[in-house]
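Numbers restart at 1 for each chain; the letters A, B, ... are given by sequence-line order, proteins then strands.
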Amino acid sequence: MIGVNMSEIMNLTIMGGVNKEGADEPIRSVEISSGEIVGIVGPTGSGKSTLIDDIEQLAQGDTPTGRTILVNGEKPDANIRVDPRKKLVAQLSQNMHFLADMTVEEFLQMHARSRGKDASLVSRVIELTNTLTGEPIAPYHHLTALSGGQSRSLMTADIAVISDSPVVLIDEVENAGIKKQEALQLLAGEGKIVVVVTHDPVLALMSSRRIVIRNGGMVDIISTSQEEQDVCCKISEVDNWLMSLRETIRRGDIVGEVA
Amino acid sequence: MKLVVLAGTPGSGKTSVLLHTIKALMRNEKRPAVVKVDCLWTDDDQRFKRLDIPVHVGLAKDMCPDHFTIYNTEEMLRWAEVEGADVLLSETAGLCLRCAPYPDECLAVCVIDVTTGPNTPLKVGPLLTTADIVVMTKGDLVSQAEREVFRERVLEVNPGCNIVEANGLTGKGAFELAEMIGSGPDAGDNMLLRYNPPLAICSLCTGENRVARKHHMGVLRNLDGFMEYKGE
Ligand SMILES: Nc1nc2c(ncn2[C@@H]2O[C@H](COP(=O)(O)OP(=O)(O)OP(=O)(O)O)[C@@H](O)[C@H]2O)c(=O)[nH]1
Ligand SMILES: Nc1ncnc2c1ncn2[C@@H]1O[C@H](COP(=O)(O)OP(=O)(O)OP(=O)(O)O)[C@@H](O)[C@H]1O
Ligand SMILES: [Mg+2]
Ligand SMILES: [Mg+2]
Ligand SMILES: [Zn+2]
Ligand SMILES: [Zn+2]
């Protein structure tokens, strides 16, 4: 499914602002083109989520970091910053729980309406959610009763289907106990701009570049080298093995010998 | 003098948003003054005073805080004039969801906390439905989807409003709100309320405190919703 704005957005530019001390951050501008996955890495509390919040709001020097976000090299229109029907950005934030006292179905129907999408997408969202999570969720379940992993899976599927937008921001998909590589693939879609905050080596090295954050500022940009890509292949084998062990244990089965 | 009436349930983030907005107004060369009305107690004045602007507190005590705000609007405007202000920001207590203390010639701002869930916009009543601007706070605590659903609900009950997604901690939205205040209306001499205060005048209003029904007179509503007039 291709959103209306999908073809119109070619690239995003992050114009540097200030770090936590108010000093100019070393990286003054980063351009990200459609089809690219960019990682954001850095210590806890360094300002990774703050950077993707700036992108979500299409900041215009009006956030504490003073950053400016350009779309196709230009200042974006005011209404694409706020109107969900015109929104360019879908964001999976670090929040693990829903606070709304509604059923899954009611919530998804309202969300589809807010994004100007058809309510028939609801069943697709639930189907997709259940490919990511262990215990399946049902349309009549209450949002507030879902577990952290279930909520996270639902948020992920909702973004892939209902919020389907040309820019996707993902904050730490790995901590939710859901299938992270599947989740990333689902969210990334095709020809999107994807920005992933991560502490996970596989996800970090799956991106083509990664922005390093320290003390609230962007201090470096590292392109993933061929060597790193090779490392990525190796660790993702290990990672898949760990995942399969986790599944075995979750099912209540016995773990066999190391091959 | 521009008049901004800021209402919203207790703790929704009115003061936090105003503090950032006041800074943005001052950067735009405006001279804001603030009146905070509350019921019994408030320390909001201490928070506003740190910005070095004129601050006044009104405690409604045994009067409905919204009735108090309405009754004292003229006096507040006069005070702000004397203080040399050009924008009067009035933060209400926002307890009585039946009243909406917005005059027609003001910028009516309703501050609403998204963490209270998407059914809240249906409950808030005239405070929300007659506002010009709806400020959604605490969006940092929920998912983007939840913010969008909340927004949809706000637009269902107030289709014409401008929505500002603000954050009382970081100041997000304050710049936008300050711009809207800058182009807001001037307070007039013959302002009318946008929404009628409650009609009922009953013996409870005049100090009857016995609970039994037989002691009450006036315009009264029964549990089943039936309204009647009891008395002479
Ligand atoms: N996480 C988060 N907290 C907020 C936000 N805005 C305000 N708060 C917090 O919410 C609490 C109440 O904020 P106030 O600004 O005092 O609320 P108020 O509406 O002025 O309260 P009253 O005047 O007592 O009715 C404070 O602890 C704020 O720090 C926000 O956007 N996000
Ligand atoms: N450039 C900046 N200027 C001022 N404050 C900043 C800046 N960048 C980040 N901060 C503040 O630093 C704090 C931590 O930031 P943030 O939550 O983005 O960290 P994080 O890297 O996502 O951490 P975690 O790994 O724990 O999720 C926040 O309170 C944020 O407002
Ligand atoms: Mg974070
Ligand atoms: Mg207050
Ligand atoms: Zn009242
Ligand atoms: Zn009465």
Side-chain angles (χ1 to χ4, degrees), chain A residues 49-50 52-54 56-57 59-66 78-79 81-85 87 89-102 104 106-117 125 142-144 151-152 154-159 161-163 165 168-171, chain B residues 16-17 19-21 23-25 27-28 112-123 133-157 159-180 183:
Chain A
S49 300
T50 305
I52 63 167
D53 284 346
D54 283 340
E56 198 263 338
Q57 295 167 48
Q60 296 301 313
D62 53 358
T63 63
T65 64
N79 61 5
R81 293 181 70 181
V82 293
D83 185 349
R85 286 173 182 76
K87 248 188 193 167
V89 184
Q91 181 186 27
L92 183 66
S93 57
Q94 249 172 323
N95 304 309
M96 291 284 196
H97 291 280
F98 287 102
L99 299 174
D101 189 13
M102 297 174 117
V104 169
E106 281 171 329
F107 182 80
L108 293 174
Q109 279 169 350
M110 285 223 62
H111 190 215
R113 191 177 332 144
S114 80
R115 282 257 174 180
K117 301 280 173 69
V125 177
H142 269 269
L143 278 181
T144 46
S151 301
R152 199 68 169 160
L154 179 60
M155 289 177 190
T156 305
D158 173 271
I159 286 177
V161 179
I162 293 176
S163 306
S165 307
V168 180
L169 310 172
I170 306 166
D171 206 342
Chain B
S16 306
V17 168
L19 289 171
H20 290 285
T21 308
K23 286 186 210 156
L25 282 169
R27 277 195 297 273
N28 292 351
I112 185 164
D113 170 352
V114 301
T115 68
T116 56
N119 290 329
T120 306
L122 308 177
K123 298 178 201 161
I133 298 172
V134 175
V135 175
M136 282 169 44
T137 55
K138 309 194 191 181
D140 55 313
L141 301 176
V142 302
S143 64
Q144 184 190 40
E146 219 167 312
R147 284 200 298 278
E148 290 174 358
V149 165
F150 197 93
R151 186 189 177 87
E152 188 68 15
R153 271 280 157 86
V154 169
L155 291 172
E156 260 175 30
V157 297
C161 72
N162 277 310
I163 296 181
V164 176
E165 288 194 26
N167 185 312
L169 305 180
T170 65
K172 173 185 176 186
F175 173 81
E176 243 175 300
L177 188 56
E179 293 284 303
M180 292 175 182
S183 52

K.L.:
Closest heavy-atom contact between A:Thr144 and A:Phe98?
P.N.:
CG2-O, 3.7 Å

K.L.:
Relative to chain B, which segment of A:Gln57 carries a heavy atom at a distance below 4.5 Å: side chain, backbone, both, or neither?
P.N.:
side chain

K.L.:
Sort B:Asp140 into side chain, backbone, both or neither according to what part of it lies under 4.5 angstrom from a heavy atom of chain A.
P.N.:
backbone

K.L.:
Do the side chains of B:Glu156 and B:Arg153 get close enough for a salt bridge, i.e. N-O under 4.0 angstrom?
P.N.:
yes

K.L.:
Which of the residues B:Gly173, B:Pro118, B:Gly117, B:Gly171 is involved in the greatest number of heavy-atom pairs with chain A at under 4.5 angstrom?
P.N.:
B:Pro118

K.L.:
Which atom names give the shortest non-hydrogen contact between B:Val17 and B:Leu177, and what distance separates them?
P.N.:
CG1-CD2, 3.8 Å

K.L.:
Please rank B:Leu141, B:Val114, B:Val164, B:Ile163 by heavy-atom pairs under 4.5 Å with chain A and give me the top one.
P.N.:
B:Leu141

K.L.:
Name the residue from A:Thr50, A:Asp53, A:Asp54 that meets the side chain to side chain donor-acceptor pair (under 3.5 Å) definition with A:Thr65.
P.N.:
A:Asp54

K.L.:
Roughly how far, to the nearest 0.5 Å, is the CD1 atom of B:Ile133 from the CG atom of B:Asn162?
P.N.:
6.0 Å

K.L.:
Among B:Ala24, B:Ser143, B:Ala174, which residue has the highest count of heavy-atom pairs closer than 4.5 Å to chain A?
P.N.:
B:Ser143

K.L.:
Highest number of heavy-atom pairs under 4.5 Å with chain A: which of B:Glu148, B:Glu176, B:Arg151?
P.N.:
B:Glu148

K.L.:
Among A:Ser93, A:Ala90, A:Ala112, who wins on heavy-atom pairs under 4.5 Å with chain B?
P.N.:
A:Ala90

K.L.:
Please state whether the side chain, the backbone, both or neither of A:Met102 comes within less than 4.5 Å of a heavy atom of chain B.
P.N.:
side chain

K.L.:
Could you measure the distance from the CD atom of B:Gln144 to the CG atom of A:Asp158? Nearest 0.5 Å is fine.
P.N.:
8.5 Å

K.L.:
Got a salt bridge between B:Glu152 and A:Arg115, using NZ or NE/NH1/NH2 to carboxylate O under 4.0 Å?
P.N.:
no

K.L.:
Determine the option with the most heavy-atom pairs under 4.5 angstrom with chain B, choosing from A:Met155, A:Gln60, A:Arg113.
P.N.:
A:Arg113

